[in-house]
Peer 1: 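Take a look at the following structure, please.
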Amino acid sequence: MPRLFDTQSSEIVDIVPSTEGKFSMYVCGPTVYDEPHLGHGRFTLVYDILRRYLKYRGVEVRFVSNITDVDDKIITRAAELGISAGELAKRYEEVWWDLMERLGVEKPDETPHATDWIAQMLELVTEMVSTGVAYETTDGVYLEVAKVDGYGLLARQNLADLRSGARVEVDEQKKSPLDFALWKRTPETEWGWESKFGFGRPGWHTECVAMALGILGEGFDLHGGGMDLAFPHHENERAQAVAMGKNFARHWMHNGFVMVGDEKMAKSLGNFTTLKDLLDSTDPRAYRLLVARSHYRAPLEVTAEILQDAARSLERIDAFARRFADVVLERPEVAPSKEVIDGFNEAMDEDLNSPVGLAHVFEAITRANFALDRALNEEAVSNAKAALLLLGTLGIVVQDRLEVPQEVIALAEQRKVARSEKDFAAADKYRDEILQLGYVVEDSDLGFRFRKA
RNA sequence: GGCGGCGUGGCCGAAUGGUUAGGCAGAGGCCUGCAAAGCCUUGCAAAGCGGUUCGAUUCCGCUCGCCGCCUCCA
């Protein structure tokens, strides 16, 4: 198992799963009310890479990520559009999965919906009220955070300091501004559910507790999300579990933000680029490469120039993959370079250091090319196999074959003949014609190869 | 106000108390009919000021600049 930075202890720790060889992870998914942006793309890629890496290391991963389909923002947005909240949520959930597929993010093993867990949430609320850690007011049920041991653990602040900085609106009925809603009473004209606490809907923080514990059980291995979820969302999830005397996540993992200049990309700041725009304009793999080549906890700046940089780096990877596509198949007996794989694993094992992992991949690519130039085939193939294996582990799908129209192949054949007859004027003419059709022809020992112009 | 973090070469981005990160771009060369791809060589660095040390980009302090969380937020 890798070591990972744990938000609770604020240090890199050994990850010890509750069951050896297995790993259960829960990552907070989207509230489906609008277009996802680059930040959503980053966190899904980060956890996708973690999941793929663990599987590659032979760990049996169970990955749960929820869909928040009941929320104030959904209700507000739906009202603006004049459609039902359920309809809006359904629409944006479809958008979400479509984008995930384009990003190459593997679908979670389970994708629970908050609206399917209302009954379980109400059970938890009932339990918290009965044990006295939660109380009712005229507008809902609140958890009294002062009664929770270690409240502030994930925020790394004590209760008093959190309270002094609280910016939440004052509610006379709440015992503390930090107390948060478990159940919100609403008029029956609004979207909601009947309950012993009155008609209403659940507070945000309860759904993940119900779903994580309900699906993965107590003491599941890892809970993750963006850094902005550490407080108050995850803090409040943990608070509920602690209040009920239940074991919650063993480890907490939080990824850094996507930055725009010196600011966090956020809906509220209006400085976001939608994932759709990114995917429509750039090779989706470029964003994955960008995410993988910076550390997951560091801020990540994304600009057109930086994406272009990653895209060019990807061209090098694809050129390498094309060069080795056949070579690798011819040598099934050669194993991937252990040295490269060990270097990669070592980097990834220390808090998922994918930038260093990628450096090993690029070094392997250089060595493979170097060796093949000198006909050192075994050396070339073992490095190439390692690089290809590890790229796959990061979820980077190489384009090692190109579907080329028959017409282009015919021109390349003619060019080959012209070259053998030393008719270079004709050869160059054929090359131009191939270029007109959108392909670049490259010569090699094995004949010709193509790439997209 | 409280808490956490950051400032690395033209750009992106790691590790590290003394030796090449890696990628992208640049320069020179090899290969090629010419290219492309590839390979080789090569600039360019550590916000500032002090301190610890034989030696600091790396540790400590201060200054400056910046960011995040404490409200919804990935």
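Here is how names work: the chains are called A, B, and so on, in the same order as the sequence lines, proteins then strands, and each is numbered from 1. Atom set for the values below is all heavy atoms of this structure, side chains included, hydrogens, waters and symmetry mates excluded.
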Peer 1: May I ask you to check whether A/His254 and A/Thr7 show a side-chain donor-acceptor distance below 3.5 Å?
Peer 2: yes
Peer 1: Are A/Arg62 and A/Phe23 in a cation-pi setup, meaning NZ or CZ lies under 6.0 angstrom from the ring centre and within 45 degrees of the ring axis?
Peer 2: no
Peer 1: Need one value for A/Asp428: base, sugar-phosphate or nothing, where a base atom within 4.0 Å counts as base even if backbone is also close, heavy atoms only.
Peer 2: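 Base contact.
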Peer 1: Answer yes or no: is there an ion pair linking A/Asp432 with A/Lys429, defined by an N-O contact shorter than 4.0 Å?
Peer 2: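 Salt bridge flag = no for A/Lys429 with A/Asp432.
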Peer 1: When you measure from the side chain of A/His40, which nucleotide among B/rC67, B/rA74, B/rA35 comes out closest?
Peer 2: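 Selected nucleotide: B/rA74.
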Peer 1: Between B/rA37, B/rC34, B/rG33, which nucleotide gets closest to the side-chain atoms of A/Arg431?
Peer 2: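 The closest nucleotide is B/rC34.
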Peer 1: For A/Arg451 and B/rA35, give me the distance from atom CZ to atom P, rounded to whole Å.
Peer 2: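 About 15 Å, once rounded to whole Å.
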Peer 1: Looking only at atom P, what distance separates B/rC60 and B/rG10, rounded to whole Å?
Peer 2: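 So the two P atoms sit 27 Å from each other.
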Peer 1: Using salt bridge (charged side-chain N to carboxylate O under 4.0 Å, His left out) as the criterion, point out the one residue from A/Asp221, A/Asp6, A/Asp14 that pairs with A/Arg250.
Peer 2: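 With A/Arg250 as partner, A/Asp221, A/Asp6, A/Asp14 yield a single salt bridge (charged side-chain N to carboxylate O under 4.0 Å, His left out), made by A/Asp221.
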Peer 1: Check the phosphate of B/rA74 against A/Asn255, side-chain N and O only, distance under 4.0 Å to OP1 or OP2. Yes or no?
Peer 2: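 The answer is no; no side-chain N or O of A/Asn255 sits under 4.0 Å from OP1 or OP2.
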Peer 1: Whether A/Arg322 engages the ring of A/Phe320 as a cation-pi pair (distance to the six-membered ring centre under 6.0 angstrom, angle to the ring normal within 45°) should be assessed.
Peer 2: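 The answer is no; the distance or angle limit is not met.
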Peer 1: Given the rule in the side-chain hydrogen bond (donor to acceptor under 3.5 Å, both in side chains) test, do A/His251 and A/Gln8 qualify, once you have shown the distances and angles that lead to the verdict?
Peer 2: CA-CA 7 Å; A/His251 299 277; A/Gln8 271 180 86; over 6 Å; no
Peer 1: If you measure from the Lys or Arg side-chain nitrogens to the Asp or Glu carboxylate oxygens, is any gap between A/Lys184 and A/Asp139 under 4.0 Å?
Peer 2: no
Peer 1: NA contact type, A/Gly256, heavy-atom cut-off 4.0 Å: base, sugar-phosphate, or nothing?
Peer 2: base
Peer 1: Expected output is a numbered-order residue list: members of residues 97-110 of chain A with a heavy atom under 4.0 Å from any atom of RNA chain B. What is it?
Peer 2: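 Contacts with RNA chain B under 4.0 Å: none.
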Peer 1: How many whole angstroms separate atom CG of A/Leu290 from atom P of B/rA14?
Peer 2: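 Atom-to-atom, A/Leu290 to B/rA14, this comes out as 11 Å.
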Peer 1: Does B/rG4 have OP1 or OP2 sitting under 4.0 Å from an N or O in the side chain of A/Arg156?
Peer 2: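 Negative; the distance criterion is not met.
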Peer 1: What is the distance, rounded to the nearest whole Å, between atom CZ of A/Phe180 and atom P of B/rC72?
Peer 2: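 Atom CZ in A/Phe180 sits about 11 Å away from atom P in B/rC72.
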Peer 1: Given that both distances must come in under 3.5 Å, which nucleotide forms a Watson-Crick or G-U wobble pair with B/rG22?
Peer 2: B/rC12
Peer 1: Considering the options A/Asp71, A/Asp69, A/Asp72, which one meets the salt bridge (charged side-chain N to carboxylate O under 4.0 Å, His left out) requirement together with A/Arg201?
Peer 2: A/Asp72
Peer 1: Where does B/rG38 fall, syn or anti, if syn means a chi angle no more than 90° from 0?
Peer 2: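 You should classify B/rG38 as anti.
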Peer 1: What does B/rC62 pair with, Watson-Crick or G-U, if both distances are under 3.5 Å?
Peer 2: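 B/rC62 is paired, partner B/rG48.
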Peer 1: Given atom CG of A/Leu300 and atom P of B/rC67, what is their separation to the nearest angstrom?
Peer 2: 18 Å
Peer 1: Given the rule in the side-chain hydrogen bond (donor to acceptor under 3.5 Å, both in side chains) test, do A/Gln240 and A/Thr206 qualify, once you have shown the distances and angles that lead to the verdict?
Peer 2: CA-CA 8 Å; A/Gln240 290 169 76; A/Thr206 305; 3.0 Å; yes
Peer 1: If you look at every heavy atom in A/Leu290 and A/Ala310, which pair is closest and at what distance?
Peer 2: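 Where A/Leu290 meets A/Ala310 most closely, the heavy atoms are CD1-CB, 4.2 Å.
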Peer 1: Distance check needed: B/rA36 P versus A/Leu402 CG, whole Å only.
Peer 2: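 These atoms are roughly 19 Å apart.
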Peer 1: Once you round it to whole Å, what is the distance between P of B/rA36 and CG of A/Asn369?
Peer 2: 16 Å
Peer 1: What is the distance, rounded to the nearest whole Å, between atom CD of A/Gln157 and atom P of B/rC69?
Peer 2: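 Spelled out: CD on A/Gln157 to P on B/rC69 is 13 Å.
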Peer 1: So does A/Lys264 get a side-chain nitrogen or oxygen closer than 4.0 Å to the phosphate oxygens (OP1/OP2) of B/rC69?
Peer 2: yes
Peer 1: For the pair made of CG in A/Leu153 and C1' in B/rG4, what is the distance, rounded to whole Å?
Peer 2: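 That distance rounds to 14 Å.
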Peer 1: Please evaluate the base of B/rC69 for a donor-acceptor partner in the side chain of A/Asp161 within a cut-off of under 3.5 Å?
Peer 2: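 Looking at the base of B/rC69, it does not pair with any donor or acceptor on the side chain of A/Asp161 (distance under 3.5 Å).
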Peer 1: Check nucleotides 18-24 of chain B for protein N or O atoms closer than 3.5 Å to its own N or O atoms and list the pairs.
Peer 2:
residue : atom : partner  : partner atom : Å
B/rG23  : O2'  : A/Ser313 : OG           : 2.7
B/rG23  : N2   : A/Asp309 : OD2          : 2.8
B/rC24  : O4'  : A/Asp309 : OD1          : 3.4
B/rC24  : O3'  : A/Arg312 : NE           : 3.4
B/rC24  : O2'  : A/Arg312 : NE           : 3.3
B/rC24  : O2'  : A/Arg312 : NH2          : 3.4

